[in-house]
Protein chains: 2
Amino acid sequence: MATVLSSQVSELALDAFRAALPADAVLTGEDELRDFRDPFAFPTWDDYTASAVLMPQTVEEIQQVVRVANEHKVPLWTHSTGMNNGYGGPAPRLKGSVILSLRRMNRVLEINEESAYAVVEPGVRWFDLYDAVQAGGHKLMVSIPDLGWGSVIGNYLENGATYLPYGSDMSAQCGMEVVLPNGDLMRTGMGAMPGNRAWHVYKRSLGPTPDQLFMQSNYGIVTKMGVWLMPEPECYMPLWLRVWNEDDLPALMETLRRLMLDRTIDNVPQIWNTVAMASVLSTRAPWYQGAEPIPDEVIDGMARELEVGRWLMRFALYGDEAVVDHRFRKIKEAFEQIPGAEVWGQKHAPAAIPALEHPFDRVQGGAPNLELNQMTGWYGGEEGGHIGFSPVAPLTGRDAVAVRDLLRGLVEKKAGLDYAAVLIPINARSFIHVPMAIFDTKDEAQSRRAYDTSKLLVQEAAKHGYGEYRAHLDFMDLATDQYSFNDHAYRRFAETIKDALDPNGILSPGKQGIWPRALREARQQG
Amino acid sequence: MATVLSSQVSELALDAFRAALPADAVLTGEDELRDFRDPFAFPTWDDYTASAVLMPQTVEEIQQVVRVANEHKVPLWTHSTGMNNGYGGPAPRLKGSVILSLRRMNRVLEINEESAYAVVEPGVRWFDLYDAVQAGGHKLMVSIPDLGWGSVIGNYLENGATYLPYGSDMSAQCGMEVVLPNGDLMRTGMGAMPGNRAWHVYKRSLGPTPDQLFMQSNYGIVTKMGVWLMPEPECYMPLWLRVWNEDDLPALMETLRRLMLDRTIDNVPQIWNTVAMASVLSTRAPWYQGAEPIPDEVIDGMARELEVGRWLMRFALYGDEAVVDHRFRKIKEAFEQIPGAEVWGQKHAPAAIPALEHPFDRVQGGAPNLELNQMTGWYGGEEGGHIGFSPVAPLTGRDAVAVRDLLRGLVEKKAGLDYAAVLIPINARSFIHVPMAIFDTKDEAQSRRAYDTSKLLVQEAAKHGYGEYRAHLDFMDLATDQYSFNDHAYRRFAETIKDALDPNGILSPGKQGIWPRALREARQQG
């Protein structure tokens, strides 16, 4: 029996996993493991490779796996479905970890139409939940992200964005079941009481509420979660706002904050710059052949030709038709104070959503698809990748300009990449700025430069008061380092809890910069 | 130096506290301590009395107090202002604890009009925050509870309800500063990054978000918190719904859930039964002199004479006048399907709120007052008390009837008290049922019966799947016991974290049933 966490799983441990799981649930073949690498990593890079993959199908199997891992000191890297693209995909932070993939735990356990919620397992994808809602004839909508292939639970646990009105902060999640690092099974909130009727309708515990501790952490394995669904409104109206000048951004953001604060707009919008939008609609080559970043005059041409403007916002209204009509008029009047700005859109009945032509209109209507995956092909072919660098800022014109200028400067000057940006007002008071560092994954130098630039961005943004909301495997530690108030009090707190819950440090070591004690000491020594 | 937590503070420790604090900040006189008892406890009861009270004024003083408490193994019971009436007031769970009262830390540190939030210290009361908003001329509203004398932070930390649209779940809280049990100072969320601009506008950390761990817990002392404020709407319309039959309750709740789920109603309503309403407007004697619970015929008479019906709901609309008008029509039409039901109300400009006559209209408009404190005088004089027993249930007609029948039966038959109930739909999917166990605090037998009944209610409600959202000192342990899924996995988890963060067990031992290791062992032995 190993005494410290080993970065390569032993045959003994593998045998124990094989004894705990069905025959086909332990993958160790080189071909099989290839599917669990970061899809955007250069093919020869092997910093984040796993030594095996386990695919349990039940809570009891997970508990068994956790017990074996404790006994053999095996690091387990848990993902729900592993579609964490841009942040490392399914790959583990610690090389040689055993991946615990929950893809086979894919049951929608309940859809409650009356109280408008679902209960899902971690392998349930947005597609699956949507299909289950449709198949049951429920008049409910799921708040979904841009790509439908990911896990509902996985997205929530990573603090990922979704775009309907329940997309803000942690609105939709309610009530979890968790396997703790010692194999124990816990239910949070009202679920801690056997037979409690309010598990998935009331968010808090009697006592401290632990749910958010299991988000972006390595404290437990979430095996069930309640997800609030929105009743279908009478009317759905996806909208567009287009402005023509780069410097219309602050006025756009100021107006948007006011309209979100008074709930005239209550979904999660996206604001795309010209290059980001062009990367969905086209590839780079027809626009510009230079190796240096696309110059402003070319961007202006793209803005006109593609009719996307310099900034294009997607957003939507939901509700009674009379309220939607009032809000549309108010929004149009407010934004069209900006010279040249236009707001437009069309009303639909919810039944029409699956057939809407534009993928944005379907995403904001809760109908999942994969069409936005196109974006990563900007630099040619289907081998494009991107890195999710994504700092949070207050939703003000001043902050929007400050973050844009800082990041655009670094992306263009340091990485020599085009500045493709999507701004996501995640609530009425803050937005996430995602400068899509898009690169050709077959070009090692360009890939390396993209990663190096991201690391520079993390540090430069922090100097200006903007912090990552989520971090790629490759700079998780660096991102965490920036949260250094009072000699890293928050990290020391997170480590104290880690050591208490997971003394052997088996669950996802290094996730979000939280390392177990043994590995902290080993890393300090060298 | 004491080796285990002592239930009586030593002179040595008191001297150390006196050295750490200003002269007037250590209270030990019998008269001074009397103000820190449960105001509703019978005068001779002494289960929850403190041995001293400390009143620091700065974060540094708190850190000093915590260091002394660790050194001398002194249990500290923290409150913000201690207006936790119905749940034990300012008194500590463990007799002999030293109360750490934060009443003197009462600064409103920031009001940000642009991003609509305030940052407050724990001693800031609703009155203070409201006054600061008004004094600054900010067009912002605070979501407040019924009584304005309590602490903003204290209320949030206890999961208390407030009644404007930000009253649901944990909507308004954003970003904390906390003194940990070892005296360390931590900032949560984006505040963990020095100089981060998004501390009070974005709710999550990079990594696990610990904020909810500090609610209803004894893991830390919150010294600052961000509170989101709502921009003043164009129009405010407080509303009433009255129904005449006890059995109109399920139809009322079914209609209400639909109107809350689609956000037609988006504040936190209250639904009062006749007796609860009568207890605000009158005393018992004129209605009924019998010792047994008031019979239904008498209640019907009260309902008619006071014009409050058998159930009276208060709620409110906020927004553009056109939207408020639409919603009012829709709400009126929906509820008036119930025979005899009436919905009415009047529109106001926000500037008119402070002068509105009915305290409900001011509370829902964010103008704090104390008029509802009247209620506890039901059984005569000014010496009335109440116990907050408050289980959570799904917001359905079926659950409303089940909880009402269960609790009414027990309150009337076991306690011989009148069934005075307020139902609070805390979000669109759940409500808290508060059967106000109102009693004359000068009547020891009636007081004892009220506490005994509350304990019975806790257990009976749990058998039917309904759990306490908050518990009085006197049955905190019992309430926690009901959350027993998987051999009390949640409590064991909470204890693991407690022992890791607070190895000496100095912070609020016993709060919400969480005891430090030494006291768990001592309690098991005796």
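Worth knowing before you read on, the calculation uses all heavy atoms, side chains too, and leaves out hydrogens, waters and symmetry mates. Each chain gets a letter, A, B and so on, in the order its sequence line appears, and its residues count up from 1.
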Structural part of Leu261(A) lying under 4.5 Å from a heavy atom of chain B: both
In terms of heavy-atom pairs under 4.5 Å, which option from Ser217(A), Ala479(A), Ser430(A) contacts chain B the most? Ser430(A)
Quick one, Tyr219(A) and Ile497(B) - any side-chain contact, counting heavy atoms below 4.5 Å? no
Can you say whether Leu229(A) sits under 4.5 Å from chain B via the side chain, the backbone, both, or neither, judging by heavy atoms? backbone
Between Leu501(B), Thr188(B), Asp320(B), the one whose heavy-atom pairs under 4.5 Å with chain A are most numerous: Asp320(B)
Is there a side-chain contact between Asp169(A) and Cys174(B) in this structure, where contact means two heavy atoms from C-beta onward sitting under 4.5 Å apart? no
Would you mind reporting whether Glu254(B) and Glu114(A) have side-chain heavy atoms less than 4.5 Å apart? yes
Checking Pro391(A) against chain B: side chain, backbone, both or neither under 4.5 Å from a heavy atom? neither
For the candidates Gly319(B), Ala489(B), Gly191(B), which exhibits the highest count of non-hydrogen atom pairs separated by less than 4.5 Å from chain A? Ala489(B)
Heavy-atom side-chain contact between Arg263(B) and Pro165(A) under 4.5 Å: yes
Taking Val201(A)'s backbone N and O only, do any of them form a donor-acceptor pair with Asn427(B)'s side chain (distance below 3.5 Å, no angle check)? yes
Evaluate the ring planes of Phe214(A) and Phe493(B), with Trp represented by its six-membered ring, and classify them as parallel (under 30°), tilted (30 to 60°) or perpendicular (over 60°). tilted
Using a cut-off of under 4.5 Å on heavy-atom pairs, state which of Gly513(A), Ala192(A), Ser115(A), Ala393(A) scores highest against chain B. Ala192(A)
I need the residue from Glu234(B), Lys203(B), Met186(B), Gln482(B) with the largest number of non-hydrogen atom pairs under 4.5 Å to chain A. Met186(B)
Give every residue pair that meets the salt bridge (charged side-chain N to carboxylate O under 4.0 Å, His left out) criterion with at least one member in residues 171-199 of chain A, sequence neighbours excluded. Glu177(A)-Arg187(A), Glu177(A)-Lys224(A), Asp184(A)-Arg492(B), Arg197(A)-Asp399(B)
So which residue, Arg470(A), Arg398(A), His464(A), ends up with the most heavy-atom pairs under 4.5 Å with chain B? Arg398(A)
Please look at Glu232(A) and chain B and tell me whether the side chain, the backbone, both or neither of the residue comes under 4.5 angstrom of a heavy atom of that chain. neither
Out of Pro194(A), Gly195(A), Ala500(A), return the one with the most heavy atom pairs under 4.5 angstrom to chain B. Pro194(A)
Scored by heavy-atom pairs under 4.5 Å with chain A, the best of Pro210(B), Ser171(B), Ser168(B) is Pro210(B)
Under 4.5 Å to a heavy atom of chain B? For Trp228(A) that would be both
Highest number of heavy-atom pairs under 4.5 Å with chain B: which of Gln216(A), Met190(A), Met476(A)? Gln216(A)
Chain B interface, residue from Ile432(A), Asn159(A), Asn196(A) that has the most non-hydrogen pairs under 4.5 Å: Asn159(A)
Start with the C-alpha distance between Arg204(A) and Gln212(B), add both sets of side-chain angles, then the distance that settles side chain to side chain contact (heavy atoms under 4.5 Å, CB included), and finish with yes or no. CA-CA 9 Å; Arg204(A) 306 182 278 200; Gln212(B) 294 178 12; 5.8 Å; no
Identify which part of Lys511(A) has an atom lying under 4.5 Å from any heavy atom of chain B, answering side chain, backbone, both or neither. neither
Less than 4.5 Å to any heavy atom of chain B: does that hold for the side chain of Arg491(A), its backbone, both, or neither? neither
Report which part of Ser205(A) has an atom under 4.5 Å of a heavy atom belonging to chain B: side chain, backbone, both, or neither. both
Considering only heavy atoms from C-beta outward, does the side chain of Trp199(B) approach that of Pro394(A) to under 4.5 Å? no
Report which part of Arg329(A) has an atom under 4.5 Å of a heavy atom belonging to chain B: side chain, backbone, both, or neither. neither
Under 6.0 Å from the NZ atom of Lys330(A), do we count more than 12 heavy atoms belonging to anything else shown? yes
Heavy-atom distance under 4.5 Å to chain A: side chain of Thr396(B), backbone, both or neither? side chain
Region of Leu185(A) that comes under 4.5 Å of a non-hydrogen atom in chain B: both
When you compare the side chain of Gln512(A) with that of Leu206(B), does any pair of heavy atoms fall below 4.5 Å? yes
